[in-house]
2 protein chains.
Amino acid sequence: MGQGRPYHHGDLRNALIDATMELVRERGARGFSVSEAARRAGVSISAPYRHFADRDSMLAAAAMLGFRELEARFDTLLAGQSFGDHAAQIAVSYLRFALEYPARFEVMFAPGIDRLRHPEMLGQAERVQQRLEDTLAPYLDGEPLAERAAQLWALAHGVATLAVEGALQHFIGDQHYERIAENAARAWSAGVQPTPPGGT
Amino acid sequence: MGQGRPYHHGDLRNALIDATMELVRERGARGFSVSEAARRAGVSISAPYRHFADRDSMLAAAAMLGFRELEARFDTLLAGQSFGDHAAQIAVSYLRFALEYPARFEVMFAPGIDRLRHPEMLGQAERVQQRLEDTLAPYLDGEPLAERAAQLWALAHGVATLAVEGALQHFIGDQHYERIAENAARAWSAGVQPTPPGGT
DNA sequence: AGCCTCATGTAAGAACCTCTCACATGAGGC
DNA sequence: GCCTCATGTGAGAGGTTCTTACATGAGGCT
């Protein structure tokens with residue numbers, strides 16, 4: 001003994017989540033495999049099943065980290081701006097998150113993962129929505145807040161998704177994504193709350 | 001001979017695509033397997049590899065059908081309406097497509113499929129974009145058309161994606177999706193092209 | 001101190017999967 | 001009537017998920 005790893009790892013769960021994130025980054029959610037994660041964590045192939053029900057649960061655990069990171073980003077948004085500025089900032093920071101951590105983003109919204117079987121992920125999605133509502137609330141008084149928040153989320157999510165998937169790539173140079181997010185959000189907010197005709 | 005299927009299937013490629021779509025609908029893109037598709041088409045497990053390079057190529061072929069269907073929908077959109085009406089119609093019909101054929105939609109934008117290895121899919125995405133540009137062109141004269149089309153696409157795609165994934169489910173009843181798509185598109189278009197102050 | 005429990009690890013295996021190879025078949029051109 | 005070659009088959013190598021019975025040793029209890 002001594003030279004080898006002790007029989008009990010000590011923090012296998014987290015080591016596995018790390019390995020999962022690493023793998024997802026390298027190979028995408030589909031390329032991820034429990035066996036390879038176990039290999040990288042230096043344990044046997046069946047060890048992960050002591051900590052996660054199945055493959056999807058490992059991905060879900062990684063997705064949770066992504067949601068927390070996204071929430072943290074929303075926390076740093078500056079308040080005290082105009083509605084349009086704020087909306088644009090949300091859309092752009094959502095997009096930036098997706099582009100900086102495409103793997104995390106992919107896992108968070110991977111169609112393969114059954115959200116109903118992983119309720120903690122549903123909760124996280126609700127928190128995203130809630131966060132948006134809180135941010136928009138000051139600007140939207142007589143408005144259906146939840147719906148408006150969902151609209152902005154959809155807008156941001158759409159840009160981010162298409163950008164990550166590269167669906168827009170052929171039309172628009174790589175650095176225009178942010179402009180698209182920004183301008184779309186600005187147009188939307190201007191439509192929601194037109195600046196009154198008599199300003200200044 | 002006679003009672004059994006003839007040695008050569010005759011239209012195996014299409015039969016396999018059908019089986020693929022069926023399977024994707026039942027189990028999602030991740031649950032799809034070449035073997036099961038072969039089984040359903042009544043051929044050996046290796047037969048599909050005569051027609052498709054690999055698993056992803058089968059999914060890509062199914063996705064192509066989805067894109068064509070989506071295009072066909074766009075063709076039925078009524079012209080001669082206002083900008084807002086048209087934008088709303090696009091967003092809503094995009095959403096309806098996604099909700100009616102979630103499997104098709106999933107496969108079309110499944111993150112697992114490497115679009116660069118399946119250039120025909122990139123082409124289809126371009127055609128979606130092109131279709132949107134053509135539709136919006138009459139309304140947007142001095143505007144950056146490609147960007148505006150991308151914005152509307154992103155908006156529609158975002159609503160559709162979140163709806164299919166059920167991310168919004170907990171906040172908004174199932175039938176409100178269309179309203180969200182519609183109102184988001186209307187707000188966006190109003191922001192892009194505000195109705196001039198002195199209109200009757 | 002010494003024992004015992006039980007969470008955490010392992011090894012082996014069943015049941016799938018993708019993809020490749022050498023070989024079989026028979027439709028269609030000549 | 002022959003011959004070619006696209007299309008289908010069977011077997012198999014190597015990968016996967018997840019289960020089951022068993023091993024280990026950390027930490028609580030006497």
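Bear in mind the structure is a predicted one, so any value in this text is a computation, not a measurement. A, B, ... follow the sequence lines: proteins, then strands. Residue 1 opens every chain. All values below were derived from every heavy atom in this structure, side-chain atoms included, with hydrogens, water molecules and symmetry-related copies excluded.
- Between A/A29 and A/V107, the shortest heavy-atom contact is CB-CG2, 4.1 Å.
- Neither side chain, B/Q130 nor B/R127, offers a donor N or O lying under 3.5 Å from an acceptor on the other.
- Below 30°, between 30° and 60°, or above 60°: for B/W153 and B/H157 the angle between ring planes is above 60°, a perpendicular geometry.
- Atom CD in B/E26 sits 4.0 Å away from atom CZ in B/R40 (nearest 0.5 Å).
- For the pair B/Y49 OH and D/dG12 C1', the interatomic distance rounds to 14 Å; values are reported in whole Å.
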In sequence, state the C-alpha distance, the side-chain angles, and the governing distance for B/R39 and B/E36, and then conclude on salt bridge (Lys or Arg N to Asp or Glu O under 4.0 Å).
-> CA-CA 5 Å; B/R39 226 167 278 134; B/E36 181 62 23; 2.5 Å; yes
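- As rounded to whole Å, 13 Å separates atom P of C/dT10 from atom CZ of A/R39.
- Residue B/L70 holds its CG atom at 12.5 Å from CG of B/L65, rounded to the nearest 0.5 Å.
- Contacts with DNA chain D (heavy atom under 4.0 Å) in residues 52-60 of chain A: A/D54, A/R55, listed by number.
- Considering only side-chain atoms of B/S44, the nucleotide from D/dG8, C/dC17, D/dT9 that sits closest is D/dT9.
- One interatomic measurement links the two molecules: CD1 of A/I45 to P of C/dA12, which rounds to 12 Å at whole-angstrom precision.
- Taking atom CZ of B/F32 as the reference point, atom P of C/dC16 lies 17 Å away to the nearest angstrom.
- In DNA chain C, stems built from 3 or more consecutive Watson-Crick or G-U wobble pairs, each with both distances under 3.5 Å, span C:1-30 with D:1-30.
- One atom, CG of B/L16, and another, C1' of D/dT7, lie 12 Å apart when rounded to the nearest Å.
- For B/R50 and C/dT18, the CZ to C1' distance is 15 Å, given to the nearest whole Å.
- Between the side chains of B/E133 and B/Q129, at least one donor N or O sits under 3.5 Å from an acceptor N or O.
- Between C/dA7 and A/H51, no contact under 4.0 Å exists linking OP1 or OP2 to a side-chain N or O.
- The CZ atom of A/R30 sits 8 Å away from the P atom of C/dT18 (whole-angstrom rounding).
- A donor N or O paired with an acceptor N or O is found under 3.5 Å between the base of D/dG10 and the side-chain atoms of B/S46.
- The minimum heavy-atom distance linking B/E143 with B/V192 is given by the pair OE2-O, 4.0 Å.
- Using bins of under 30°, 30° to 60° and over 60° for the plane-to-plane angle, the ring pair A/F109/A/Y94 lands in the tilted bin.
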